[in-house]
Amino acid sequence: MTALSEEVLLVVKKVRQRKQDGTLYLMAERIAWGPEGKDRFTVSHLYADIRCQKISPDGKAKIQLQLVLHTGESTNLHFSNESTALKDRDAAKDLLQQLLPKFKKRANKELEEKNRMLQEDPVLFQLYKDLVVCQVISAEEFWANRLSINNVDHSLSNNKQEVGISAAFLADIRPQTDGCNGLRYNLTSDIIESIFRTYPAVKQKYGENVPHDMTEKEFWTRFFQSHYFHRDRINTGLQDIFSECAKQDEKGLKSMVFQGVKNPMVDLLSLEDKSLDEGYGTNSTGPSTSNTNKTVKENSNSAIIKRFNHHSTMVLAAGSGKKADAPNGQACETSSTDGNSRDSDFFQPPIKKVKIQDVIEYEDLHRENGKKTVALNLKKSDRYSHGPVPLLPQQYTTSQDIVNSVNCIKHEIASYRPCLTQVMSSSTASSAIAALSPGGVLMQALAQQAINQMVPNDVQEELKHLYTAAGELLRHFWSCFPVNTPFLEEKVVKMRSNLERFQMTKLRPFQEKVQRQYLSTNLTGHLEDMFQMAYNKFHAWQTRRMMRKT
Amino acid sequence: MVMASEDEVSLLVIVVDVNPIWWGQQANREPQFTLSKCLDAVMVMGNSHLVMTRTNKLAIIASHCQESHFLYPCKLWKSGDGHGDDNASTSGDGKYELLSVANDFIAEEIKNLMSRTEVKGNQTDTLLAGSLAKALCYIHRVAKELEAGQEIKSRILVVKAAEDCALQYMNFMNVIFAAQKQSILIDACVLDSDSGLLQQACDITGGLYLKIPQKIALAQYLLWVFLPDSDQRSQLVLPPPVHVDYRAACFCHRNLIEIGYVCSVCLSIFCNFSPICTTCETAFKIPLPQVVKSKKKKLKPST
């Protein structure tokens with residue numbers, strides 16, 4: 001039954017399940033249904049277990065809601081109240097729609113992760129098949145080590161990049177006529193976000209007015225109606241809430257112009273026409289944002305251009321995170337070097353240099369900084385010139401021996417005549433040939449053929465799988481030592497039984513198969529040795545433990 | 001078998017160990033196999049190689065304890081040059097003239113070499129490393145003198161009699177690696193005691209190492225095992241390669257060790273751990289295993 005602390009969000013009466021009348025309860029973490037008159041719930045599903053919900057199409061007589069679980073099971077609920085069935089069903093559906101996504105993500109993510117890992121790595125997949133599917137070790141143990149590594153990576157990659165603002169977001173709104181003299185503006189949450197990020201003044205207004213004074217819809221209607229939005233901001237009515245925004249924008253624009261563009265590579269100011277004297281060039285005034293001294297047409301053109309510039313600046317500022325109306329930081333940077341740049345042409349202002357450096361150098365391509373080295377100081381370097389020829393006792397030849405040998409040889413060679421027809425007798429030749437033929441004295445080593453040519457490929461593959469699986473089990477086993485905690489004790493005992501089980505179910509049949517194929521080579525000797533070593537260690541540990549207890 | 005084309009030159013350099021002290025003692029040990037017999041066998045090998053293909057080339061170096069000397073080809077002799085004196089050239093048995101001329105020269109040169117041998121007590125080792133180096137230089141020179149379009153394949157055959165000289169180790173290894181870089185095979189036919197250096201040489205360069213059981217059958221072994229070149233060897237059943245002992249020797253005792261300690265600064269090998277490396281005097285700290293304190297057992301109260 002319900003725990004006392006469970007919060008019931010919705011109760012729907014007259015809901016049939018499996019042709020039984022009953023009541024449907026939607027709680028904070030689960031959905032449950034109990035037959036009428038009874039206290040217990042016969043059907044109870046956690047939202048985390050539900051994969052999706054389905055509803056019967058609108059036209060059908062029966063109004064049903066189906067819950068599909070991750071395991072594939074499904075539960076059908078039939079809303080049988082004559083008058084309110086549809087409403088009930090829709091209420092239940094809406095609530096579920098809100099609740100399910102919250103619980104869904106947690107369960108799915110892990111399974112998806114596991115599936116992905118298995119699919120990406122065929123060796124892991126094979127290992128999984130060998131160990132878990134054949135129930136040598138449980139799935140939790142298998143995933144114990146692996147999932148933790150991957151979760152760390154994922155948390156790092158969760159830091160999403162900030163999405164920039166499209167410069168055309170206002171144009172994307174694309175007003176459509178809706179037949180009778182009205183305009184329909186499609187506002188998505190993305191566009192709203194862009195507007196707020198680009199024009200913080202609008203955001204401020206929104207915060208002030210919605211939802212106390214007007215609804216969201218009203219706010220946006222006013223926004224689009226106001227001349228603030230339209231391109232000619234000539235007539236700004238005083239009642240317009242956005243007239244303040246327009247004033248703020250003007251202020252912002254003025255300060256931006258005052259700042260100027262601080263690009264050391266390009267000096268925009270020098271592009272202006274400067275007059276030297278009367279008759280030599282035009283007399284120019286500084287850049288101005290005021291609308292005086294111009295004709296109406298010039299006014300509207302300059303107004304549009306002003307709007308464009310302002311808009312682009314705001315978009316860039318919002319995208320790069322800097323506030324356009326906080327020019328203090330930048331001004332300080334440049335004012336210190338301003339004086340220097342007027343001094344001489346040879347002295348490059350640091351900012352310019354930094355900018356040039358930025359463009360021509362890539363960090364990754366730098367050669368690594370020369371590390372401090374310490375000279376090698378060898379005291380006995382003649383040790384290296386001796387090879388691995390051990391100091392064997394050398395045969396000592398007396399000087400007399402030397403003299404005798406040399407004389408003997410001299411004498412022999414002095415009378416040397418090559419006699420090539422009697423180099424050796426045929427018997428010695430044939431005995432030499434016999435020694436060199438297969439089976440002869442010198443050819444014994446050839447009898448051992450390479451193992452990998454004698455064993456068929458599928459046996460080799462199976463052996464590889466056995467080694468991978470055995471290696472995994474042995475790794476679990478050996479990582480338990482030294483056994484410090486009771487958890488490790490349990491694990492050691494479990495691993496030993498796992499090893500035995502593996503040996504019985506996998507290794508023995510393989511050995512028998514190999515023997516049946518008359519392969520006399522001992523392919524599993526090493527595996528057996530490894531297992532035996534593990535058993536010995538376990539036995540030693542066990543006896544020591546027994547001794548400690550007694 | 002692939003026919004060797006006109007453009008492929010196969011050069012065989014035979015390095016014969018003619019250490020007079022060893023051969024002099026050998027004359028007393030085994031009178032039926034002396035240096036003369038050995039030289040005969042080598043000559044047979046050389047002749048056979050020249051006869052195999054018209055474009056084959058040969059060189060024979062005598063490795064003495066005082067010098068390494070080219071027995072063939074001689075400096076004064078150039079093939080094609082008519083020598084003039086017919087007494088030496090014609091041997092009267094209808095042999096291919098090149099062979100008879102070559103044999104005569106070899107005999108002549110070895111006689112000269114031995115006659116100018118002086119007895120010196122401190123030089124008793126064969127200068128094998130030097131002979132191999134000379135062989136490599138000769139091969140290099142011949143390779144440079146080829147005509148356009150000709151390719152050369154060379155190998156060195158070492159006929160070794162005396163024991164290894166440990167002092168020549170570094171030179172030997174340099175020669176081996178140089179040969180490996182040039183794709184020159186080094187084969188070894190060992191008469192008496194196994195030579196670790198030559199085993200390494202053959203293993204590294206891809207040649208054959210053979211210690212022959214019967215010295216008098218030397219010619220047969222040479223022809224059977226060492227006459228075919230490397231391409232043909234893959235088609236033949238030849239003695240299997242020898243297991244080479246590549247163990248290093250520790251710097252302190254020169255024992256051959258399998259597991260040892262290596263200084264990470266100067267890479268010198270020791271058989272025992274010492275906290276200071278004696279070659280470069282670096283101090284090392286190795287964390288000793290933790291001493292486990294034995295827990296005091298609580299005495300169970302007797303009830």
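Bear in mind that the values here come from a model prediction, so they are computed numbers and not experimental data. We name chains A, B, ... by the order of the sequence lines, and we start the count at 1 in each one.
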Nearest non-hydrogen partners of B:Gln25 and A:Ser405, listed with the distance = CG-OG, 3.6 Å

Candidate pair B:Leu113 and A:Ile413, rule side chain to side chain contact (heavy atoms under 4.5 Å, CB included), full reasoning = CA-CA 9 Å; B:Leu113 174 64; A:Ile413 293 296; over 6 Å; no

Distance-only, no hydrogens or angles: does the A:Lys379 side chain make a donor-acceptor pair with backbone N or O of B:Glu281 under 3.5 Å?
-> no

Heaviest contributor of heavy-atom pairs below 4.5 Å to chain B, chosen from A:Asn377, A:Thr428, A:Ile402, A:Leu436, is A:Leu436

B:Thr117 and A:Lys410: CA distance, side-chain angles, deciding distance, side chain to side chain contact (heavy atoms under 4.5 Å, CB included) verdict | CA-CA 8 Å; B:Thr117 304; A:Lys410 272 183 174 175; 4.0 Å; yes

So, the part of B:Asn47 with a heavy atom under 4.5 Å from chain A: the answer is side chain

Between A:Glu412 and B:Ala27 the two heavy atoms that sit nearest each other are OE1-CB, 4.4 Å

Check whether any side-chain heavy atom of B:Ile216 sits under 4.5 Å from a side-chain heavy atom of A:Met424, and report yes or no.
-> no

In terms of heavy-atom proximity below 4.5 Å to chain A, should B:Lys111 be classed as side chain, backbone, both, or neither?
-> both

Return the option, out of A:Ala429, A:Ala435, A:Ser437, with the maximum number of heavy-atom pairs under 4.5 Å with chain B.
-> A:Ala429

In terms of heavy-atom contacts, B:Met43 and A:Leu420 come closest through CB-CD2, 3.9 Å

Contacting moiety of B:Pro241, where chain A heavy atoms sit under 4.5 Å = neither

From B:Asp40 CG over to A:Arg417 CZ, what is the distance, rounded to the nearest 0.5 angstrom?
-> 11.5 Å

With a 4.5 angstrom heavy-atom cut-off, could you sort out which part of B:Thr282 is near chain A: side chain, backbone, both or neither?
-> neither

Please tell me if the side chains of A:Leu376 and B:Cys266 come closer than 4.5 Å, counting only heavy atoms from C-beta onward.
-> yes

Does atom CZ of B:Arg29 have more than 12 heavy-atom neighbours, drawn from other residues, nucleotides or ligands, at distances under 6.0 Å?
-> yes

Side-chain contact, heavy-atom cut-off 4.5 Å: B:Ser268 with A:Tyr384?
-> yes

Rounded to the nearest 0.5 Å, what's the gap from NZ on B:Lys37 to SG on A:Cys419? Could you check?
-> 6.5 Å

Does the side chain of B:Ile106 come within less than 4.5 Å of A:Tyr416's, by heavy atoms?
-> no

Closest heavy-atom contact between B:Ala107 and A:Pro418?
-> CB-CD, 4.0 Å

Any side-chain heavy atom of B:Leu210 within less than 4.5 Å of one from A:Leu442?
-> yes

Which one, A:Leu378, A:Val406, A:Asn404, A:Ile433, leads in non-hydrogen pairs under 4.5 Å with chain B?
-> A:Ile433

Options A:His411, A:Lys380, A:Gln422, ranked by heavy-atom pairs under 4.5 Å with chain B, top entry = A:Lys380

Applying a strict 4.5 Å limit to non-hydrogen atoms, the region of B:Val225 in contact with chain A is side chain

Under 4.5 Å from any heavy atom of chain A - which part of B:Ser115 | backbone

